[in-house]
Q: 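Have a look at the structure that comes next, please.
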Amino acid sequence: MIKLEDYIPVVGKSVVEELFMLAKHIEGKKIQNINSTAVGGGVAEILTRMIPLLNQMGVQARWDVIKGNEKFFVVTKKFHNGLHGVPVSVSDEEYQWFLEVNRENAEQMQFDDVVFVHDPQPIGLVEKRQQLGKNWIWRCHIDFSKPDKNIWRFLEQYISRYDAAVFSAPAFARRLSIPQVLIAPSIDPLSDKNKELEQSYIDSIFEQYKIDRSMPVVTQISRFDYLKDPVGVIKAYKLVKKHTDLQLVLAGGGATDDPEGPAIMKQVMDEAAGDKNIHVLFLPPGSDLEINALQRGSTIVLQKSLKEGFGLTVSEALWKGKPTIAGAVGGIPLQIAHKYSGILTHSIEGTAHWIKQLINEPEFAQRLGVNGKEHIKNNFLITRHIKDYLLLFVSLFHEGDVITL
Amino acid sequence: MSEFYFDTKLDQPILLGIKARNLSELLAGMQSVPESSIYYHTHRYLRQHHFLSPEPPNDFAYWITDVLNEDRLAERVSSVDIIQFQSLEALRREFIDILQSHMESSERSPSAPAGEEFHFMAARTFVLHTPHVAHNVGEFVAILKEVTPGSLYYHIFEAKLRLEKGENDFSRWFRDQGKTELADRLTRLDPYTYTLEGLRNKMIQLVEKYG
């Protein structure tokens, strides 16, 4: 098991010491995380890493997953798309079903001192607050910049019952009656997805998938979700291919709460059909070492998202020193300063233009990667995230702008 | 010699839900946000990009340059000499005066494209006592070499401007010990023109030479 002390060679001793000092200030409080999926997606990933580390510092943290059937997840997927600004229609019956499932879950759960609810799926659990009291935090991991008005109005009734809301980027903040805190997510430098790898292992993965590294390799690692624009990535590749030989790798998996995955996969396969230089890899959960190897062995990493909660794959690529081109959406501009620590684009054509530039100017590309890695080290590693969560829990029990603990 | 207790601070970024699309809205925001927001936007870069040299300017200047393309105004806003200010209210007044005088003389009123608005934020600061205590100059230097950027930041920037102590904590301590020249030299430093590591090294040099 990874220990907090294992991060000292990466971030320094004093940073880890600070975490232990901070953790003492929430001694005796129990923290309960609640979300809707145990595997797949960034939320499950960070909780899997975070909970054991919190426990090591003496913080009593645990993680519960709400139960829902297919009908529930169809409704919550509509919420998800609607909050991203995609027009959707949710019927009264669907809203009722959503609340019904939340209430059933609430009846079966035991709640701790701090109830930390992640994303909209379990948001209705807060109805229990009136009866139980306790401290309730709602953590929104998704892009909230242009939500569908009806869905927003529905959710706002529940958000306003929490003690605090947490968002991943400044653009997601709204005028709310409760305090709003910014906590960017993070990556774990010691996880299988991000740790250093032997070159022979990296080579073996590229051989296994028959990716020809005599040409530049451009890779996007993402769930097959249309907000990640995998079809746009293939179109950008086709523009580049007119002038430059390259390999395109689209690799990703699905999450158990995403019913749209198979349909997107089909669109991608149709667009990629007949081109042996496009490698579409559907990776099952637990393929972290393969993903790590694919990122490390690539020439350029893309994250051409149309909407993003944060886009952790950008931090993953930058941490590996990879020149990265990404859509200027959601939390991505927090991770990339354009032309300094990576490239931000707004279109298929722009993405194609910068792929060509970075392939042809490897020194410039390398400099982007070096700066990007330093920025991630300072701001987007799990130790900074743990610090933010500890501060959040501590802040529930203190008032004022400057608090001496 | 009395002891110097090293503290450190950790910031919790707060979202205010107030955004600006143009200079009028930026001005309105500056006039209404809490002091901790003015502090956050003038010191965030120091914390997040403390490895970078030269230091990027404050958030206001960065947005005015990169999004509104108002270079002349941006230069005025970025060259505000923060070290000269004894309070955040005085600093806020300076930014407001610059913006107002620019808006009175300029015919342009540029707007930010959708998605690139200025988002006002603030910070709640948590101060923690570290186990590090210096009883003499030698111990002070040894600890100064090891403390986190947060500790350095707290005793230099936070103490003077946000806690309105008049000068940074290190200078005050050395002054109390009768080491006036060292205290004066530490006070004269403009910490805003160094990376945090550069500042740490400069202070170690001064303490070793004049302590």
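Note on naming: letters A, B, ... go to the chains in the order of the sequence lines (proteins, then strands), and numbering restarts at 1 for each one.
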Q: Tell me, for B:Q12 versus chain A, whether the close heavy atoms (under 4.5 Å) come from the side chain, the backbone, both or neither.
A: both
Q: Do the rings of B:H41 and B:F118 sit parallel, tilted or perpendicular, given the 30° and 60° boundaries?
A: tilted
Q: Name the region of B:A122, side chain, backbone, both or neither, that has any atom closer than 4.5 Å to a heavy atom of chain A.
A: neither
Q: Under a 4.5 Å heavy-atom cutoff, which of B:I14, B:V147, B:D7 has the most pairs with chain A?
A: B:I14
Q: Would you call the rings of B:F157 and B:Y153 parallel, tilted or perpendicular, taking 30° and 60° as the class edges?
A: tilted
Q: Tell me, out of B:H129, B:E117, B:E158, who's got the most heavy-atom pairs with chain A below 4.5 Å.
A: B:H129
Q: In plain terms, say whether B:R175 and B:E167 are close enough for a salt bridge, that is, a side-chain N and a carboxylate O under 4.0 Å apart.
A: yes
Q: Classify the ring geometry between A:W354 and A:F364 as parallel (under 30°), tilted (30 to 60°) or perpendicular (over 60°).
A: tilted
Q: Tell me, for A:H25 versus chain B, whether the close heavy atoms (under 4.5 Å) come from the side chain, the backbone, both or neither.
A: side chain
Q: Counting only heavy atoms closer than 4.5 Å, note whether A:P170 contacts chain B via side chain, backbone, both or neither.
A: both
Q: Using the six-membered ring of A:F393, assess whether NZ or CZ of A:K29 lies under 6.0 Å from its centre and within 45 degrees of the ring axis.
A: no
Q: Is chain B contacted by the side chain of A:L390, its backbone, both, or neither, given a heavy-atom distance below 4.5 Å?
A: neither
Q: Counting heavy-atom pairs under 4.5 Å with chain B, which one of A:A165, A:S395, A:A164, A:P179 comes out on top?
A: A:S395
Q: Can you tell whether the side chains of A:K228 and A:E308 come within less than 4.0 Å, N to carboxylate O?
A: yes
